[in-house]
Amino acid sequence: MINFVLRRLGQSAILLAIMSLLVFVGMYVISDPVAVMAGEDATEADRAALAAAYGLDRPLPLQYLAFLGNILRGDFGTSFVYGRPVLDLIFERLPATLEVVFLAMVLGLVFGIPMGIFSGLNRKNPLTRLISMVTTIGYSIPNFWQALLFILIFAVWLRWLPATGRGPTTEVLGIQLSLLNAEGLRYMLLPAANLAVALICMQTRLARSGTQEVMYQDYMMFAQAKGIAPRRLIGRHLLRNILIPIVTITALELGTLIAFSTVTETVFSWPGIGKLLLDSIYRSDRPVVVAYMILITLMFVLINLIADIIYAVLDPRIRYS
Amino acid sequence: MSAIKLSAEPSRLDPLLAPFRHYPAAIAGLVGIVIFALAALFAPLIAPQNPFDQNQLDIMNGLLSPMSEMMDGRVSLLGTDAVGRDILSAVLYGMRTSLLVALLAVGIGLVIGVVLGLLAVMRGGWVDAIIMRAVDLTVSFPGVLLALMLLAVFGSGVDKVILALAIGIWAQNARMVRAVGLSEMKKDYIAAARIGGIGDLRIMFHFLLPNAISPVLVLMPMAISGAIVAEATLSFLGVGVPITEPSLGLLISNGNDYLLSGRWWISVVPGLVLVLMVLCINVVADRLRDHANPYLQVRG
Amino acid sequence: MLLHIDTLSIGYELANGRELEAIKDFSLALDRGQIVGIVGQSGAGKSTIGKAILGLLGENARITKGSILLEGQDIAAFSPRQFATIRGKRIGYIYQNPMTALNPVLSIGEQLIETIEAHTPRRGKQARDYAIELLTGAEVSHPEDRLSKYPHQLSGGLCQRIVFAIAIAAQPDLIIADEPTTALDVTVQKAVLGTLKRLASQENIAIILITHDMGVVSQMCDEVYVLLRGQLVEHGPTAQIIGAPSERYTRELMAAIPSVEEKRPRFDVLDAFAETPGRQRGLDYLRSGIAAQDQGGAVLAVRDLSKTFKGKKGRAGDFKALDGVSFEVRRGETFGIVGESGSGKSTIGRVILGLVDPDPGAIIELDGRPIGHGDRRTLSRRLQCIFQDPYSSLNPRMDAGTNITYGVVAAGLVPRETAQALAGDLLEVVGLPRAVAAKMPHAFSGGERQRIGIARALAYRPELIFCDEPTSALDVTVQAEILNLMKELQDSLGLTLVFVSHDLAVVRQMCDRLIVMKSGAIVEAGDAEQVLTEPAEPYTRQLLSAMPRFLRSAAAAS
Amino acid sequence: AGAANAETLRLAYGTAPVSADPYPYSDTQTGSLSEHVFEMLVGLDDAPLLAKDWAWESDKAIVFNLRDGVNFSNGAPFTARDVVYSMCRMMYRVDGKANVVTSALGPVTNVVAVDDHKARFETTAPYPIITQKLKFLKILSAEAAGIEGDIAFDQDGDCGISASYPSQADFDAGSAAIGTGPYIYESFQATGDANLVRNENYWGEKPEWDRVEIRSVPNNGARIAGLLAGDYDIIERPSAEDLQVIERDPNFAYSTVPGLQTIFLVLDTNAEGAAGVTAADGSAPLADVRVRQALSMAIDRKAITERLFAGNATPANQFAPSYMPGAPEMPELITDLDQAKALLAEAGYADGFEIELNVPADRYTNGQLVAQAITQYWTRLGVKVTLRTEPWSVFQTRRTEGQMGVFMYGWGHPQGAAQLISGAFAQRNDDLGLGAANFSSYDNPDFEAAMQAWAVEVDPARSEELIAKAMAQSVADLPGIPLYYNHELWAHRAGIEISGGAEGRTVATMAHSR
Ligand SMILES: Nc1ncnc2c1ncn2[C@@H]1O[C@H](COP(=O)(O)OP(=O)(O)OP(=O)(O)O)[C@@H](O)[C@H]1O
Ligand SMILES: Nc1ncnc2c1ncn2[C@@H]1O[C@H](COP(=O)(O)OP(=O)(O)OP(=O)(O)O)[C@@H](O)[C@H]1O
Ligand SMILES: [Mg+2]
Ligand SMILES: [Mg+2]
């Protein structure tokens with residue numbers, strides 16, 4: 001197992017190199033930071049000075065090597081736009097993203113799995129039809145629409161929840177969190193719900209289709225024959241066997257939401273990192289984008305590694321050597 | 001025993017339609033899909049206006065509510081958008097792009113993802129490692145960045161959108177199939193197949209695939225609606241269709257700005273079409289999946 | 001009256017919309033402390049009755065008629081919620097397919113302890129202790145270690161004993177034991193049956209015993225019900241049914257029981273299978289296989305075969321399932337492997353078939369040449385296997401027919417166009433109607449599944465078949481037909497069989513030579529006749545003496 | 001209005017301010033934020049602010065008389081030394097990066113604190129628009145930065161003190177964000193959220209609000225929803241569409257002022273041809289003034305402003321808002337499709353030609369709609385238009401690389417009527433600050449002469465004449481096509497009155513409770 005983990009981390013080192021190179025070149029072909037940063041009335045000299053100041057006048061390979069050298073020294077660079085160390089920028093916003101994604105994930109699992117299992121078990125129940133209908137509509141309504149609808153209903157009409165922003169936070173170990181703060185939590189609910197809708201739909205449907213296969217296996221029959229409580233039958237025997245696809249999608253979505261939930265962050269003005277990435281791409285802020293992508297890749301590698309380990313825990317037949 | 005056959009000759013469609021017999025909802029879904037497909041296909045014949053022809057558009061016709069008269073005296077059934085496009089026509093035309101893009105992107109993403117996922121399970125070792133690291137790389141890569149890169153290198157076009165979307169989709173499918181396949185791989189029927197001298201490819205496609213694809217199919221309708229919406233984002237970035245030839249997704253996202261002010265038709269109409277379309281696809285996909293599920297092969 | 005089944009009829013709706021009437025007008029009465037046996041043809045509906053009593057019939061099953069009264073309450077009309085109150089607590093169920101009955105992702109301990117905690121006041125350590133007690137009672141060695149194991153790490157017999165332990169955990173009023181000892185060696189079987197008997201007599205528990213083993217029936221049951229194609233043929237006190245059966249089917253059944261006392265060239269059969277043109281075609285197909293050329297020497301040679309399963313906790317957790325096993329199998333013979341459940345018989349098969357890598361140093365030769373990894377594909381037409389658990393070896397998403405012929409078509413042995421016909425023919429060869437080719441594996445009875453597995457192996461017309469308990473779920477008539485067929489193929493084509501079985505009578509009839517295994521090692525090897533008549537080792541003697549005897553003479557006398 | 005208000009004013013910006021440091025960033029919102037805290041010598045409305053008055057001492061030196069009795073929020077008095085210090089800071093390029101007007105103040109050779117309340121700016125050559133540029137010099141406190149003694153200006157901004165300039169982080173943390181303005185920084189976050197409190201010792205009229213909370217809500221729908229939900233008191237730039245909601249709801253109101261921004265199209269008039277513009281015969285259609293006139297004439301500006309902006313934009317008739325001080329009187333630009341077609345035919349393009357119209361997707365209010373409207377008009381004219389929209393950064397890069405023959409652009413600075421034409425149409429002349437953004441290849445000797453004269457004309461009246469001349473010439477020649485002038489909009493709750501400036505900044509001082 002330890003070998004397996006070590007080998008995986010080794011592989012990801014190569015991955016990070018590839019990713020940073022891709023992004024480096026990608027940002028280069030997309031737009032020219034000097035063109036974006038220089039003011040309207042910048043002179044040629046201004047532009048040249050700007051390029052020189054950021055090392056953008058050097059050939060791209062040299063820029064990349066310099067960047068790599070800095071990374072190895074732990075220096076991820078300074079934002080072109082904000083003039084601040086990129087790691088500061090990212091970590092400043094990370095908690096906001098993490099907590100809202102965490103809440104969404106929990107909502108997705110807590111609502112999705114039971115609803116899915118219910119519909120899997122009660123195929124002919126009218127409630128099942130309703131769930132199926134609602135989840136389909138839930139995921140076919142575009143995310144931004146949903147967001148706006150939520151705002152309209154819960155903030156504008158009912159005035160239950162604030163429409164935008166992050167609200168007050170509580171500091172825990174130097175990290176600002178809304179989660180632990182009743183007022184802060186109110187601000188979190190809408191964005192989290194917006195992220196959660198798709199998750200709930202996915203989890204519901206995965207759980208449902210899994211249930212419809214596992215429920216008919218001999219071992220489920222026997223487990224029923226044993227007369228154990230339904231809660232255990234479902235919570236343990238059934239759940240364990242339908243969890244692999246759910247874990248897979250949870251892992252993928254976890255990463256995706258942390259990294260790229262830009263629509264939600266934009267509509268709700270939630271100060272998360274997804275928006276930082278988008279802004280940085282648009283503003284040609286290469287250091288931020290590259291550092292961000294390195295971190296995100298690392299995160300995905302870790303999340304998927306954990307998912308792989310969970311597979312082996314869930315299904316003892318799976319073993320990694 | 002004495003099942004009465006109404007049609008004398010069993011038609012060739014019979015086996016295709018078999019899963020739907022006795023399932024009115026699924027039949028409705030199927031009919032819906034056919035209607036949408038026909039509508040998209042024959043949009044130029046049905047649509048009162050060619051919304052891509054700039055000569056037929058006039059901003060003076062903009063923002064008309066449903067059933068109002070346009071300057072040329074014709075009535076716009078579902079209203080117009082800000083630049084004077086007849087929403088009904090725009091939706092019909094937009095559906096063509098969206099369906100093409102979404103189905104192709106999801107199809108390509110599905111095929112590539114499933115094949116690579118199965119290959120990873122089958123071969124394991126370094127093949128698995130390379131494929132899965134490619135997955136890690138792909139899922140980490142932001143779609144916007146990818147799209148802009150494609151734009152910068154290859155220029156704009158629907159094919160680039162399909163490519164960009166398919167890249168987003170394959171990785172998820174590959175991981176899903178692999179995860180489920182890992183478990184299936186350890187079961188005795190695979191061992192039996194191996195002993196039976198059945199080649200890796202056949203094991204992959206006839207043994208692993210049917211037993212591991214279910215979650216991928218579950219997520220497919222979601223992927224389709226996701227792709228339709230994502231296409232709009234990419235078009236906004238300049239990668240996809242020009243804004244003068246809006247797709248369904250683009251219509252919805254453009255219409256978004258008019259939701260609050262009460263000009264709901266601009267985004268609600270295309271939005272409803274999207275929802276209905278996905279609903280139909282979903283009902284049909286669900287039925288097909290249930291039909292393929294050996295444990296559910298009874299009328300329910 | 002504890003249980004009273006009254007003119008019960010059960011139908012299965014099939015995918016093609018038709019209905020299969022699995023049980024017709026079945027009645028049964030049972031009192032506390034009583035043991036009744038249900039015997040009958042494979043696929044006759046025995047398990048269906050068992051499942052009906054527990055409300056576990058699948059969604060496509062329908063009770064069309066009749067009632068099932070448990071102490072006067074009609075459980076046939078129970079809601080799922082009501083069923084929950086009787087399952088496990090009042091009725092214990094020993095599932096027919098032990099290897100699929102256990103949840104593959106939960107440990108044995110968990111599956112056992114949860115049952116204990118559900119029905120007894122024992123919790124925590126107490127529950128665990130009781131679990132160990134139950135396992136010990138079910139003759140499971142190292143019960144503590146087993147608790148942390150998962151089903152795939154256990155042998156078929158161990159799974160069966162665990163299922164047994166689970167079923168009796170709550171000391172219910174009624175135990176339905178569906179083929180509870182098919183995977184057990186006779187010594188363990190004896191102990192397990194002893195436990196059942198004790199439960200009946202001491203705890204006043206009623207038992208429905210579904211079995212094919214007439215020896216077991218004669219030793220255990222007070223009354224016997226004989227079932228044929230869903231219908232009750234006759235029933236009555238054991239001695240009467242066994243000794244003086246009045247119906248033709250029952251008589252045939254009795255006649256077909258193989259004897260451990262003497263070896264005959266063929267099993268006695270009474271045309272259990274209808275002779276149809278399809279069956280004939282199937283037989284012709286099998287008989288027209290390529291006769292094996294005797295090149296002298298052993299077809300299969302195994303030397304120094306050891307297998308260690310790696311445990312989780314480093315070396316301490318390692319388990320040596322095979323320890324220096326060597327043997328040779330000659331062409332055209334039937335080579336028996338008997339022995340304790342869990343002694344490594346199936347593992348030998350898995351290693352030979354390349355499903356499990358042996359420890360380094362082992363040599364496995366086919367026709368004098370070591371088998372390499374690369375040869376597996378070409379080996380398929382020479383080396384086949386009938387799995388101990390037929391069900392999990394069938395692709396759940398292929399119908400039975402395709403399951404049978406997929407491989408031979410893929411290997412190019414049979415043209416695709418004839419595959420469907422061949423599947424039907426082979427189904428008839430193993431005694432199933434050809435129409436069931438379209439059914440999916442899960443909709444078959446235990447014995448039917450086993451026969452599909454046999455048909456699949458035979459379809460290759462291989463030179464050697466590793467048969468892992470090939471007929472454990474078959475009634476004696478069907479068993480006789482199939483084993484005779486194998487013998488015939490052996491005579492005409494030189495088919496070689498490696499035959500794993502707990503049924504010593506069958507072993508006696510089938511095997512030329514055999515090895516006796518215990519704890520992963522061979523304890524005795526030699527001529528089958530000799531080993532079975534004059535065993536040299538105490539373990540072998542013990543096996544023979546534990547064998548439940550169905551004494552034709554004794555039965556006849558009474 | 002005017003009474004001190006014990007209330008909090010909550011503002012929602014459409015774009016996040018980048019920093020509390022007013023120097024490196026020229027965007028509107030960073031400017032809005034810092035306007036609460038910092039003040040300039042010259043107000044955005046050209047009125048005196050921290051300077052009481054100013055006068056050209058010679059044609060190369062201008063003297064500013066500073067206001068007395070002004071203190072920074074830390075209590076330090078405001079003196080000419082602070083002006084010198086601020087100029088030094090403005091000229092200093094941190095990491096080589098120019099500040100808001102570093103380049104524009106390039107001609108300034110020296111800044112001298114004549115006495116505590118008099119500062120003299122010396123320039124290489126006559127530099128009349130210096131007062132325009134000084135609208136962007138936010139005055140910092142030298143004392144707050146810990147600078148001792150006299151400061152000697154130099155053009156690099158080193159001034160012997162560069163090491164002690166506070167960093168951006170110091171500004172964001174608030175320690176360096178000390179100004180003379182009506183409000184005081186409390187906190188700033190990199191996400192663009194800022195909190196301010198009233199400067200009790202403000203020299204001018206007492207600031208009305210106790211507290212100002214600024215939030216950034218880039219999404220239009222969310223911003224208006226936030227207002228409706230009661231999260232904000234004032235939001236900037238509601239969409240014209242959303243004003244309908246405001247109009248219907250008595251609890252809310254909106255306010256609008258004609259803005260500074262002119263939206264126009266740039267046409268590359270190069271005789272060699274323009275990128276993305278192709279004619280069947282390989283000629284360069286845009287080089288022909290008749291073609292340009294036809295293109296302009298085909299556009300119905302009124303329809304655009306009425307239909308797409310609901311009247312919240314003014315049809316343009318020149319390259320600077322006609323209502324801006326200093327803008328010349330110009331006739332309306334007519335719409336006449338027939339005449340346009342005739343002109344096109346006359347130029348030899350009766351069968352049309354092809355244009356790729358480039359528009360930034362995410363930059364200008366309703367930009368995409370306007371672009372589609374223009375596409376309609378030009379298509380009707382017989383020109384085949386391919387509309388290309390892309391994100392600003394990509395657009396900007398391609399534009400800089402000269403890959404666009406026709407593109408939409410917006411220009412609006414409170415720097416006078418000649419800003420746009422001098423930058424976009426004049427020949428490049430870095431010394432005079434002309435033509436820095438010339439993508440039109442426009443080259444007309446009369447226009448050129450007027451611009452060059454204007455660049456050094458210190459007499460306001462003369463200057464206005466030159467602007468009128470240049471403007472008339474450029475409108476006649478159409479190296480670009482003026483479209484409309486944007487209006488600035490704010491929506492707010494009904495309890496507030498707003499008097500916003502044309503530059504579109506959203507500041508607490510413009511809001512008064514009713
Ligand atoms: N789910 C099902 N769907 C359709 N047919 C079924 C289903 N389950 C069982 N059958 C059929 O019902 C009949 C009775 O099955 P059952 O399992 O009761 O037989 P059995 O007597 O237990 O046989 P065996 O001794 O082989 O286990 C068989 O022919 C079987 O094919
Ligand atoms: N994958 C595995 N991991 C760990 N232990 C295993 C594994 N497979 C088998 N074993 C152990 O190896 C031993 C031999 O198993 P095997 O299945 O060969 O027994 P068997 O002789 O076929 O028994 P039975 O007659 O009960 O089927 C058993 O004790 C079993 O628990
Ligand atoms: Mg059975
Ligand atoms: Mg075994």
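Lettering of chains follows the sequences in order, A, B, ..., and the numbering in each one begins at 1. The analysis underlying the following values was restricted to heavy atoms, covering all of them including side chains, and did not include hydrogens, waters or symmetry mates. Note that the coordinates shown come from a computational prediction; the quantities given were computed from them, not determined experimentally.
- Between D:Ser393 and A:Tyr282 the shortest heavy-atom distance is CB-O, 2.5 Å.
- Of the listed residues D:Gly423, D:Pro218, D:Gly106, D:Ser167, the one with more heavy-atom pairs under 4.5 angstrom with chain A than any other is D:Pro218.
- In this structure, the portion of D:Asp362 lying under 4.5 Å from any heavy atom of chain A is its side chain and not its backbone.
- With a 4.5 Å cut-off on non-hydrogen atoms, A:Ile281 touches chain D through its backbone but not through its side chain.
- Other residues, nucleotides and ligands contribute over 12 non-hydrogen atoms within 6.0 Å of the OH atom of A:Tyr64.
- Atoms CG and CD, from A:Asp32 and D:Glu401 in turn, are 6.5 Å apart once rounded to the nearest 0.5 Å.
- Of the two parts of A:Leu152, neither the backbone nor the side chain holds a non-hydrogen atom closer than 4.5 Å to a non-hydrogen atom of chain D.
- Only the side chain of D:Arg428 has a heavy atom closer than 4.5 Å to any heavy atom of chain A.
- Within the 3.5 Å criterion, the main-chain N or O of D:Asn219 finds no donor-acceptor partner in the side chain of A:Thr266.
- Within the 4.5 angstrom heavy-atom criterion, only side-chain atoms of D:Tyr25, from C-beta onward, approach chain A.
- For a residue to count as touching a neighbouring chain, one of its non-hydrogen atoms must lie under 4.5 Å from one of that chain's; by this rule D:Asp172 touches chain A with the side chain only.
- For a residue to count as touching a neighbouring chain, one of its non-hydrogen atoms must lie under 4.5 Å from one of that chain's; by this rule D:Ala169 does not touch chain A.
- Between chain A and the options D:Thr400, D:Leu227, D:Asp430, heavy-atom pairs under 4.5 Å are most frequent for D:Asp430.
- When atom types are taken as modelled, the side chain of A:Ser31 and the backbone of D:Val394 share no donor-acceptor pair closer than 3.5 angstrom.
- Residue contact with chain D, scored on non-hydrogen atoms closer than 4.5 Å, involves the backbone and the side chain of A:Ala49 alike.
- There is no contact between A:Arg166 and chain D, counting heavy-atom distances below 4.5 Å.
- Using a 4.5 Å heavy-atom cut-off against chain D, the contacting residues of residues 77-87 of chain A are A:Phe80, A:Val81, A:Tyr82, A:Gly83, A:Arg84.
- How far CG of A:Asp279 is from OG1 of D:Thr191: 11.0 Å, rounded to the nearest 0.5 Å.
- In this structure, the side chain of D:Asp231 does not engage the main chain of A:Pro162 through any donor-acceptor pair within 3.5 Å.
- To the nearest 0.5 Å, atoms CD (A:Gln176) and CD (D:Gln189) are separated by 7.5 Å.
- Judged by distance alone, the side chain of A:Arg159 and the main-chain N or O of D:Leu228 form a donor-acceptor pair under 3.5 Å.
- Of all the listed residues (A:Arg93, A:Glu92, A:Arg283), the one sharing the greatest number of non-hydrogen pairs under 4.5 Å with chain D is A:Arg93.
- Heavy atoms of A:Leu148 lying under 4.5 Å from chain D belong exclusively to its side chain.
- At distances below 3.5 Å, at least one donor-acceptor pair connects side-chain atoms of A:Ser269 with backbone N or O atoms of D:Ser216.
- Nearest heavy atoms, A:Ala163 versus D:Ala229: CB-CB, 4.1 Å.
- Within the 4.5 angstrom heavy-atom criterion, only side-chain atoms of D:Arg93, from C-beta onward, approach chain A.
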